[in-house]
Amino acid sequence: GMDTGVALLFSFLFTGIFFITNVISLIRRYTEWVSPVHITTSLITGIYLISSIVASAPEEWMSTYLLFWALVFAYGSYQVFIRTLNKTPFYIYAAVSVILIGTATIIELEGALLTIVLTLEVLAGIILMRRLKVSHKMLNIATALLMVPGLFTFEHLDSNWVNGFLNAD
């Protein structure tokens, strides 16, 4: 209804303001060291945005909103990186972007197809991280994300796979 629309608009404005001020602050006050405040603000803003969309957006628009904001966060991470060459905020905003895309995937798909697509998304992220020459420690953490698609398989272990993996259980 009207209240959820207003709440969603408020959350988008709030997210936009926090995001823009955080990005500008990172660019203007560039140092190698990134304040825990910037990191915390980025992560909390992403979590707030996801919960606002899931709680208030019409179901048919959730994924569109999530993907729009994923692009905004990805663009912001790119802008911070090209202006400062600081990888930390780039990784943080990119991670928020990936979480937004993963959430959209979970909303849109189900069953074996969800597991397959999430696995491909994680693998694409790992390949991209490797090409960006991310540290081995970060690659190990990212590889652990391969467990996430596995969590969605438990409810489908008894599925009839004879007719293909796109069946509707």
Side-chain angles (χ1 to χ4, degrees), residues 1 3-5 7-16 18-19 39-78 81 87-169:
D3 290 343
T4 57
L8 193 60
L9 178 62
F10 173 78
S11 71
F12 286 174
L13 290 172
F14 176 83
T15 299
F18 264 80
F19 179 74
I39 295 170
T40 305
T41 301
S42 305
L43 295 175
I44 289 175
T45 302
I47 292 167
Y48 171 74
L49 178 63
I50 289 171
S51 28
S52 296
I53 290 172
V54 170
S56 303
E59 192 173 336
E60 63 273 9
W61 284 95
M62 283 183 195
S63 295
T64 305
Y65 292 149
L66 290 164
L67 292 176
F68 168 78
W69 281 103
L71 290 172
V72 169
F73 275 78
Y75 181 75
S77 74
Y78 174 72
F81 181 72
K87 291 180 181 179
T88 304
F90 172 76
Y91 294 148
I92 293 164
Y93 282 126
V96 171
S97 224
V98 167
I99 292 167
L100 289 164
I101 292 168
T103 304
T105 303
I106 292 167
I107 288 170
E108 287 297 320
L109 303 175
E110 60 185 38
L113 187 58
L114 171 61
T115 304
I116 291 166
V117 172
L118 279 177
T119 302
L120 292 174
E121 286 177 359
V122 172
L123 288 173
I126 291 169
I127 291 168
L128 180 62
M129 290 174 72
R130 183 111 166 98
R131 294 196 38 91
L132 292 172
K133 299 185 182 356
V134 173
S135 72
H136 287 290
K137 180 180 177 186
M138 291 298 292
L139 278 170
N140 288 339
I141 292 169
T143 303
L145 288 175
L146 284 169
M147 291 187 291
V148 173
L151 297 175
F152 291 96
T153 62
F154 290 122
E155 67 178 290
H156 302 284
L157 287 177
D158 62 342
S159 292
N160 178 7
W161 290 76
V162 174
N163 298 324
F165 64 89
L166 297 176
N167 58 3
D169 289 337

Open item on the list: For a 4.5 angstrom cut-off between non-hydrogen side-chain atoms, does L49 reach Y65?
Closed with: no

Open item on the list: Students often mix this up, so state it plainly: with edges at 30° and 60°, are the rings of F14 and F18 parallel, tilted or perpendicular?
Closed with: tilted

Open item on the list: Would you say that more than 12 heavy atoms from the other residues, nucleotides or ligands in this model lie under 6.0 Å from the OH of Y78, or not?
Closed with: no

TODO: Using modelled atom types only, decide if a donor and an acceptor are shared between the side chain of S56 and the backbone of I53 within a distance under 3.5 Å.
DONE: no

- [ ] Over all heavy atoms of both residues, which pair between S42 and V96 is shortest? Give the atoms and the distance, please.
- [x] O-CG2, 3.9 Å

Open item on the list: Is it the case that atom OH in Y91 sees more than 12 heavy atoms from other parts of the structure closer than 6.0 Å?
Closed with: yes

- [ ] Measure the OG1-CD1 distance between T45 and I92 for me, rounded to the nearest 0.5 Å.
- [x] 11.5 Å

Task: Within the 6.0 Å centroid threshold, strictly below: W69 and F19 - done: no

Open item on the list: If you count every heavy atom of other residues, nucleotides or ligands that lies below 6.0 Å from E59 atom CD, does the total exceed 12?
Closed with: no

- [ ] Start with the C-alpha distance between T143 and I126, add both sets of side-chain angles, then the distance that settles side chain to side chain contact (heavy atoms under 4.5 Å, CB included), and finish with yes or no.
- [x] CA-CA 7 Å; T143 303; I126 291 169; 4.0 Å; yes

Task: Any F73 side-chain heavy atom under 4.5 Å of T15 side chain - done: yes

- [ ] Assign the ring pair F90 / F81 to parallel, tilted or perpendicular, where the plane angle (0 to 90°) is split at 30° and 60°.
- [x] tilted

Task: Whether over 12 other heavy atoms sit under 6.0 Å from Y48 OH - done: yes

Task: side chain to side chain contact (heavy atoms under 4.5 Å, CB included) partner of L66, chosen from T103, I106, L71 - done: T103

TODO: Output yes when a side-chain donor or acceptor of S97 lies under 3.5 Å from a complementary backbone atom of A94, and no otherwise.
DONE: no

Task: Distance, nearest 0.5 Å, that separates CG of L13 from CG of L8 - done: 10.0 Å

Open item on the list: Show the nearest heavy-atom pair for residues M62 and A57, with the distance to one decimal.
Closed with: CE-O, 3.5 Å

TODO: Check S63 against E108 and note the closest heavy-atom contact, atom names and distance.
DONE: OG-OE2, 2.7 Å

- [ ] Locate the shortest heavy-atom distance separating T105 from L114; write the atom from each residue and the value.
- [x] O-CD1, 3.7 Å

Task: Rounded distance [0.5 Å steps], CG in L123 versus CG in L128 - done: 12.5 Å

Open item on the list: Rounded to the nearest 0.5 Å, what separates atom CD1 in I116 from atom CG in L109?
Closed with: 10.0 Å

Open item on the list: For the backbone of Y93 and the side chain of S77, can you confirm whether one donor and one acceptor N or O come within less than 3.5 Å of each other?
Closed with: no

